[in-house]
Amino acid sequence: MGNSGEKKEKDSAVQGKGRTGYWGAAANEKLPWIKGTKYLLDFMFYAGVFVTVSLPFSIRWIGQQLPFLVRHYEETVIIYFVLGIAAEKLLWELRKIFKTVLAEDCFVQENVISLRKMGNWSFFIALMAGVRSIVYVTIAMGVVIFVFLIAGLFSRVLSFVFEQAVAYKEETDWTI
């Protein structure tokens with residue numbers, strides 16, 4: 001009777017119902033969260049492309065409600081376009097990382113590189129938000145600058161952690 005239980009477990013693992021690997025037995029609980037986050041990132045990426053491309057039109061439309069945007073129309077379009085491109089680059093790198101997480105192979109050198117790039121893009125966004133504050137100052141831009149500085153620092157530190165994990169993984173792979 002014990003053999004049939006083992007066979008069912010093996011069959012379900014082969015059919016993809018029982019996941020093992022990095023996530024162990026709790027994989028079925030974690031996978032929906034990871035996939036849901038991946039879909040959210042995909043939506044944010046494509047919505048960001050639309051928003052960035054539509055800036056010249058949307059800023060004119062918003063300018064009807066907020067006249068100070070129209071006073072600095074060209075500067076606003078340029079600054080938000082650059083911020084949009086930087087945010088898209090950041091999301092692109094994060095999407096690349098999620099692909100490796102879904103493939104259960106996240107401790108790879110490519111993720112270290114992506115985390116470094118994400119840190120750089122975060123610092124760039126903070127810098128551009130500071131430049132935007134020259135045109136007009138808001139408390140929200142101060143918050144954006146702070147959040148992206150912290151995100152940049154976090155990404156850079158996490159890249160060091162991943163780099164060490166990759167080194168340990170490679171060492172272990174050679175040992176086996």
Side-chain angles (χ1 to χ4, degrees), residues 13-59 77-132 140-176:
V14 168
Q15 295 171 358
K17 294 179 183 173
R19 296 183 63 95
T20 56
Y22 288 157
W23 300 330
N28 290 333
E29 294 173 17
K30 294 177 183 177
L31 194 59
W33 288 98
I34 294 168
K35 280 189 173 182
T37 304
K38 171 79 169 81
Y39 293 138
L40 177 62
L41 284 172
D42 289 344
F43 172 77
M44 289 170 59
F45 179 79
Y46 292 113
V49 169
F50 174 76
V51 168
T52 301
V53 169
S54 68
L55 278 172
F57 311 106
S58 60
I59 289 178
V77 170
I78 291 168
I79 289 170
Y80 281 117
F81 186 80
V82 170
L83 284 169
I85 296 295
E88 288 299 300
K89 295 293 283 181
L90 197 149
L91 285 171
W92 181 261
E93 295 300 330
L94 194 53
R95 289 174 70 220
K96 284 175 28 181
I97 290 173
F98 263 82
K99 286 179 185 175
T100 65
V101 171
L102 287 171
E104 296 186 19
D105 189 24
C106 55
F107 296 112
V108 293
Q109 191 62 33
E110 290 80 16
N111 285 353
V112 173
I113 293 166
S114 287
L115 284 164
R116 285 184 187 147
K117 287 180 181 178
M118 287 171 55
N120 293 341
W121 284 114
S122 294
F123 292 139
F124 180 75
I125 290 170
L127 177 69
M128 285 306 296
V131 168
R132 180 224 173 249
M141 259 314 117
V143 172
V144 167
I145 292 167
F146 179 73
V147 165
F148 279 97
L149 283 175
I150 297 298
L153 291 171
F154 181 76
S155 293
R156 294 298 292 210
V157 169
L158 199 54
S159 76
F160 299 138
V161 172
F162 264 66
E163 189 170 41
Q164 192 64 51
V166 168
Y168 289 147
K169 179 182 170 249
E170 288 174 356
E171 183 178 312
T172 302
D173 288 347
W174 282 105
T175 304
I176 295 173

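Reckoned from all heavy atoms, side chains included, excluding hydrogens, waters and symmetry mates.
How far CD1 of Ile78 is from CZ of Arg132: 14.5 Å, rounded to the nearest 0.5 Å. Atom CZ in Phe81 sits 11.0 Å away from atom CD1 in Ile59 (nearest 0.5 Å). Between Lys96 atom NZ and Lys99 atom NZ the span is 9.0 Å, to the nearest 0.5 Å. Taking OG1 of Thr52 as the reference point, atom OH of Tyr80 lies at 12.0 Å (rounded to 0.5 Å). Atom CG of residue Asp42 and atom CZ of residue Phe98 lie 10.0 Å apart, to the nearest 0.5 angstrom. Rounded to the nearest 0.5 Å, atoms CD (Glu104) and CD1 (Ile34) are 8.5 Å apart.
Taking the side chain as every heavy atom from C-beta outward, Val112 and Gln109 approach each other to under 4.5 Å. Within the 4.5 Å cutoff, no side-chain heavy atoms of Glu110 are placed close to those of Asp105.
Residues Ile97 and Met118 share a closest heavy-atom pair of CD1-SD, 3.8 Å. Heavy-atom minimum distance, Glu88 versus Gly48: OE2-CA, 3.1 Å. Listed here is the closest heavy atom pair of Met128 and Ile79: O-CG2, 4.3 Å. Heavy-atom minimum distance, Arg95 versus Tyr46: NH2-OH, 3.7 Å. When all heavy atoms of Ile125 and Ala86 are compared, the closest pair comes out as CG1-CB, 3.5 Å. For the residue pair Leu149 and Phe123, the shortest heavy atom distance occurs at O-CE2, 3.7 Å.
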Inset, instruction - Begin with the C-alpha distance, continue with both residues' side-chain angles, and end with the deciding distance and a verdict on side-chain contact (heavy atoms from CB on, under 4.5 Å) for Arg156 and Asn120. - result: CA-CA 8 Å; Arg156 294 298 292 210; Asn120 293 341; 3.1 Å; yes
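The backbone N or O of Asn111 lies less than 3.5 Å from no partner atom in the side chain of Ser114, so there is not a single donor-acceptor pair.
Heavy atoms from other residues, nucleotides or ligands lying under 6.0 Å from CZ of Phe148 number 12 at most.
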